[in-house]
**Student:** 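Handing you a structure now.
Nothing fancy with the numbering, it's 1 onward along the sequence.
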Amino acid sequence: GNVDGALEVYSRNYQPRWSDSLVQGYLDLLRRARRFESFVQSLGQKLKQNPLDFPSVTLLFRDTLSQGNLEAARNALFHFRTEKENRNQPFQDDELETLAHYFDALNHFNEAARYFSTLALQTRDNAKKEESLYQLYQVMVAALNRPTQLGGGGLDFFRSVATVETSPGLLDGMVSL
């Protein structure tokens with residue numbers, strides 16, 4: 001088949017929430033075509049020029065994770081967050097949702113809770129708000145006997161809960177635990 005065409009399709013259409021098998025197919029094709037090293041170098045250059053290039057960050061995360069380097073994978077995500085915060089750049093809903101799912105898959109409950117709760121507080125999409133609250137609940141259940149921190153330690157999070165839920169419900173119940 002046409003390897004160049006296949007790689008172009010992968011590259012042009014990449015989405016951070018692609019399934020593991022689809023991402024692995026992309027990375028495997030790069031390896032078989034002997035273009036993996038240049039691909040990784042290109043990712044590094046893109047991120048040096050723009051550390052907020054979310055698709056590149058997620059590809060780096062997925063690649064390092066697939067190689068078994070959990071620490072480097074997490075660090076790619078932490079570096080992205082730090083860059084966003086240092087530049088006072090707001091997170092987009094899709095970034096929050098993707099990061100929440102990545103950290104949830106790693107059983108990194110504090111980070112998953114951070115992103116799901118921020119998404120619930122930030123999004124204007126009611127369906128996404130409800131889904132993120134449900135996902136936050138799932139994270140809290142999965143973390144059952146482990147301490148989990150919501151918010152930055154102040155009362156702002158609890159104040160925000162009142163604006164998210166106008167009637168007692170799921171989030172109020174979780175906060176009361």
**Student:** For residues L136 and S117, report the shortest heavy-atom separation together with the two atoms involved.
**Tutor:**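 Where L136 meets S117 most closely, the heavy atoms are CD2-CB, 3.9 Å.
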**Student:** Considering only heavy atoms from C-beta outward, does the side chain of L106 approach that of L65 to under 4.5 Å?
**Tutor:** yes
**Student:** Quick one: salt bridge (Lys or Arg N to Asp or Glu O under 4.0 Å) partners of E111, sequence neighbours excluded?
**Tutor:** R81, R114
**Student:** Do any side-chain atoms of residues 34-42 form donor-acceptor pairs under 3.5 angstrom with protein atoms, and if so which ones, sequence neighbours left out?
**Tutor:**
residue	atom	partner	partner atom	Å
R35	NH1	D4	OD1	2.6
R35	NH2	D4	OD1	2.5
S38	OG	R35	O	3.0

**Student:** For R124, give me all partners under side chain to side chain donor-acceptor pair (under 3.5 Å), at least two apart in sequence or on another chain.
**Tutor:**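 Applying side chain to side chain donor-acceptor pair (under 3.5 Å) to R124 gives none.
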**Student:** Please name all residues satisfying side chain to side chain donor-acceptor pair (under 3.5 Å) with Q24, sequence neighbours left out, ordered by chain then number.
**Tutor:**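 Side chain to side chain donor-acceptor pair (under 3.5 Å) check on Q24 returns D28.
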**Student:** Give me each pair satisfying side-chain hydrogen bond (donor to acceptor under 3.5 Å, both in side chains) with a member in residues 5-15, each pair once, sequence neighbours excluded.
**Tutor:**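 Output for this query lists E8-R12, Y14-T58.
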**Student:** Going by atom types alone, do Y134 and E130 pair a side-chain donor with an acceptor below 3.5 Å?
**Tutor:**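 Side-chain D/A pair, Y134 to E130: absent.
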**Student:** Which atoms form the tightest heavy-atom contact between L27 and S66, and what is the distance?
**Tutor:** CD1-OG, 3.9 Å
**Student:** Could you tell me which non-hydrogen atom of A100 sits nearest to which non-hydrogen atom of A112, and how far apart they are?
**Tutor:**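 That would be O-CB, 3.7 Å.
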**Student:** To check you understand the geometry: which heavy-atom pair defines the closest contact between E95 and P90, and what is its length?
**Tutor:** OE1-O, 4.3 Å
**Student:** What's the shortest heavy-atom distance between A76 and L60, and which atoms?
**Tutor:**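 Result for this residue pair: CB-CD2, 4.0 Å.
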**Student:** Could you tell me the separation between the NZ atom of K84 and the CG atom of L96, rounded to the nearest 0.5 Å?
**Tutor:**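 These two atoms lie 8.5 Å from each other.
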**Student:** Measuring from Q92:CD to T98:OG1, what's the distance to the nearest 0.5 Å?
**Tutor:**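 Answer for the CD-OG1 pair, Q92 versus T98, is 11.5 Å.
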**Student:** Tell me the closest heavy-atom pair linking L133 and A120, and the distance in Å.
**Tutor:** CD2-CB, 3.6 Å
**Student:** For S56, give me all partners under side chain to side chain donor-acceptor pair (under 3.5 Å), at least two apart in sequence or on another chain.
**Tutor:** D53
**Student:** Same cluster or not: F91 versus F78, using hydrophobic residues (I, L, V, M, F, W, Y) connected whenever any side-chain heavy atoms lie under 4.5 Å apart?
**Tutor:** yes
**Student:** If you look only at pairs with a residue in residues 131-142, which of them pass as a salt bridge (charged side-chain N to carboxylate O under 4.0 Å, His left out), with sequence neighbours excluded?
**Tutor:** none
**Student:** Begin from the C-alpha positions of Y26 and L7 and carry the test side chain to side chain contact (heavy atoms under 4.5 Å, CB included) through to its verdict.
**Tutor:** CA-CA 7 Å; Y26 183 25; L7 288 172; 4.1 Å; yes
**Student:** Who passes side-chain contact (heavy atoms from CB on, under 4.5 Å) against E97, sequence neighbours left out?
**Tutor:** R17, H101, L119, K128
**Student:** For residues 59-78, which residue pairs pass the salt bridge (charged side-chain N to carboxylate O under 4.0 Å, His left out) check, not counting sequence neighbours?
**Tutor:**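 Found D20-R62, R31-D63.
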**Student:** Pairs in or reaching into residues 40-68: which pass ring pair (Phe, Tyr, Trp, His ring centres under 6.0 Å), with residues at least two apart or in two chains?
**Tutor:** F54-F80, F61-Y102
**Student:** Is there a path from L70 to L77 through hydrophobic residues (I, L, V, M, F, W, Y) whose side chains come within less than 4.5 Å of each other?
**Tutor:**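 In one cluster with L70: L77, yes.
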**Student:** For R32, check salt bridge (Lys or Arg N to Asp or Glu O under 4.0 Å) against everything at least two apart and list the hits.
**Tutor:** none
**Student:** Using side chain to side chain donor-acceptor pair (under 3.5 Å) as the criterion, list what pairs up with T123, not counting sequence neighbours.
**Tutor:**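 Here the qualifying residues are D93.
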